[in-house]
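What follows is a single structure, written as structure tokens, with notes after it.
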Amino acid sequence: MGEVGGAGKSMDDIMSLCKRRGFIYQASEIYGGINGFWDYGPLGTLLKKNLRDAWWQDVIMTGCRGRKGPGGQAVRVLPLDTCIIQNPKVWEASGHVGGFNDPMVDCRACKSRFRADHLMVLHMRPASVGKDLYFSGMGTLEDVRAHNAKKLKNLGEEHESFEEYTKINEATRALVPCPDCGKVGELTAPRQFNLMFSTTIGALGDPEKDKAYLRPETAQGIFINFKNVVDTVRVKLPFGIGGSGKSFRNEVTPRNFTFRSREFEQMEVEFFCHPDEAHDWYVFWRDWRMAWWESIGLKGENLILREHDADELSHYSSGTSDVEYRFPFTAPGYGELEGIANRGCYDLTQHQEHSGAKMEYFDQEKNERFVPHCIEPAAGLDRGVLALLCEAYTPDESRPSKVFMKFHPRMAPIKAAVYPLVNKDGLPEIAEKLHGELVARFGHLGMIEYDAKQNIGKRYARMDEAGCPYCFTIDSDTLTDGTVTMRDRDTASQERIAMDKVAGFLAEKLAG
RNA sequence: GCGGGUGUAGCUCAGUGGUAGAGCGUCACGUUGCCAACGUGAAUGUCGUCGGUUCGAAUCCGAUCACCCGCUCCA
């Protein structure tokens with residue numbers, strides 16, 4: 001059954017439309033699927049491309065669409081395309097290898113989580129009790145005894161064993177109490193949490209010795225090339241480096257359609273500046289990124305900019321905001337589309353320490369040497385696509401399709417459709433000519449549909465579900481006065497416009 | 001990872017042990033000509049997968065996979 005979210009839309013209905021119209025398919029579907037992976041169909045691929053292209057155009061190619069920076073200067077962002085696989089030391093420096101590599105144990109009852117190799121189990125069989133007793137805690141034997149002091153008070157000093165939870169067999173684990181809540185049998189088996197996908201380099205590679213990782217974020221590729229860019233491109237601080245690409249995370253629980261996928265695409269910028277300017281640039285990027293998502297059709301109360309509380313911030317960040325969208329499955333809450341973080345000099349410093357390469361920037365005018373600070377606007381492309389799909393989905397009982405996809409024209413996979421009202425009387429020839437002209441001019445932006453089959457209502461209805469914003473229909477009047485019917489998706493209204501004005505009309509609408 | 005639910009045609013679903021179904025969509029032909037119209041016809045299925053019970057399984061049992069929901073997780 002469809003769960004109706006805050007936006008009043010059913011995720012089940014959206015998913016079924018995505019399949020039906022070729023937006024998104026389950027990956028490896030004919031083999032039963034694969035958890036956490038999704039493929040894009042023809043329309044979905046175009047939608048995703050349009051969103052990615054808009055980001056490239058607006059962020060990289062036109063420097064925030066010409067918006068002035070906090071000091072009134074033009075914003076410069078350079079493109080970069082780095083490898084999914086890098087030297088594993090990159091991920092040691094970034095902190096992705098390490099902390100989360102240890103086996104963990106969860107308590108199902110109180111939800112506490114413990115390092116399995118720190119969790120110790122004390123096994124006793126006191127004569128006074130005559131059966132097996134188990135106690136748990138962290139640290140040394142003394143620590144565990146102290147932790148369980150009350151219970152151990154009258155049980156003496158003798159014990160059968162004292163060992164790591166990881167060394168204990170499954171049957172015995174069921175008898176061990178949680179060190180926090182004391183409930184027995186609620187602890188899970190030790191589990192390895194490694195959110196990075198690993199792979200082996202070389203056809204004869206050793207799985208351990210030649211181990212490498214698929215990147216969990218594109219950002220590190222930018223940091224490790226910071227010096228290259230500074231040294232080989234005539235560029236001065238402040239400036240950004242950005243790009244888009246696939247990243248991979250072994251999510252504990254892939255969920256919510258494409259929202260939390262194990263393979264996903266990011267659009268990230270690292271914007272480098274003087275430490276004193278970092279906060280102003282953070283505010284700039286935060287506000288502009290919010291405005292950008294609004295500009296492509298995510299508006300109103302479904303989109304919010306949320307500043308992180310102090311206790312949410314990473315230890316190195318002095319400010320982080322999320323652009324969040326209220327998806328049907330998060331409502332009344334929100335899900336993150338993009339995080340804008342003031343990361344200080346953390347990343348460059350980490351790489352400087354781990355690699356030994358100097359990450360300092362020398363400002364000749366001020367004769368000042370420093371490690372730049374960095375603002376990171378990091379967006380999820382697939383999440384953006386999902387938000388566009390959810391936002392566009394518009395139930396409408398009054399129209400034949402019962403639903404239409406209200407994409408912003410700039411995002412729409414199909415930009416326009418050209419139809420002869422009837423498939424005779426010379427109309428197809430005129431329609432095909434107009435179609436050809438529109439393809440030549442707008443084909444690089446999206447599909448231009450042509451269809452002469454079936455009645456016109458059916459063709460309009462199909463375009464409603466595909467989210468095509470404008471249909472142009474050639475009829476017998478076109479032969480005499482040169483006008484065509486422009487049918488608007490959102491209002492289903494019709495208007496006659498001169499055929500030679502169609503391209504100009506479309507150009508204006510698609511500009512965004 | 002835990003708990004609950006679901007899985008039959010492209011989509012929505014019916015089918016509780018005995019020949020695989022419906023509506024919509026798709027395609028063809030005819031008619032019509034500005035909103036899935038009408039008529040006629042057609043194509044489309046590893047019944048999620050594997051195994052078991054049975055003379056016989058979409059149906060009963062077990063395992064497994066996938067998706068949805070609630071917790072958890074999201075460095």
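So that the names make sense, note that chain A is the first sequence line, chain B the second, and so on, each numbered from 1.
The closest side-chain heavy-atom distance from A/Val403 to A/Asp396 is not below 4.5 Å.
When the P atom is used for both B/G45 and B/U40, the distance is 25 Å, rounded to whole Å. Spacing of C1' atoms, B/U59 relative to B/G15, comes out at 9 Å, to the nearest Å. With C1' as the reference atom, B/A14 and B/C71 are 34 Å apart, rounded to whole Å. On the C1' atoms, B/A57 is 38 Å away from B/U72, given to the nearest whole Å. Remark: the separation of the C1' atoms in B/A37 and B/U32 is 8 Å, to the nearest Å. Taking atom P in both B/U19 and B/A58, the straight-line distance is 10 Å, to the nearest Å. Of the C1' atoms belonging to B/G30 and B/C11, the separation is 28 Å, rounded to the nearest Å.
Between A/Arg399 and A/Asp464, at least one side-chain nitrogen of the basic residue sits less than 4.0 Å from a carboxylate oxygen of the acidic one, meeting the salt-bridge criterion. Ion pairing between A/Arg459 and A/Asp451 fails under the 4.0 Å rule for side-chain N and carboxylate O.
Residue-level contact check: A/Tyr419 touches neither bases nor backbone, having no heavy atom under 4.0 Å from any strand. Looking at heavy-atom distances under 4.0 Å, A/Arg459 makes contact with a base. Looking at heavy-atom distances under 4.0 Å, A/Asn455 makes contact with a base.
Here B/G30 sits opposite B/C38 as a Watson-Crick or G-U wobble pair (both hydrogen-bonding atom distances under 3.5 Å). Both distances falling under 3.5 Å, in either a Watson-Crick or a G-U wobble arrangement, place B/C60 opposite B/G52. Across all strands shown, B/C73 remains unpaired; no Watson-Crick or G-U wobble contact has both distances below 3.5 Å. Partner assigned to B/G23 is B/C11, using Watson-Crick or G-U wobble distances below 3.5 angstrom.
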### Task
Report the C-alpha distance between A/Glu265 and A/Lys48 in whole Å, list the side-chain angles of each, state the deciding distance to 0.1 Å, and finish with yes or no for side-chain contact (heavy atoms from CB on, under 4.5 Å).
CA-CA 10 Å; A/Glu265 190 164 341; A/Lys48 185 172 173 177; 3.4 Å; yes
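Contact annotation: side chain of A/Ser16 to base of B/C11, donor-acceptor pair absent below 3.5 Å.
Separating the CE atom of A/Met11 from the P atom of B/C11 is a distance of 16 Å, rounded to the nearest angstrom.
Contact check, A/Lys458 against B/A37: a side-chain N or O comes under 4.0 Å of OP1 or OP2.
The six-membered or imidazole ring of A/Phe271 lies near that of A/Trp281, with a centre-to-centre distance under 6.0 Å.
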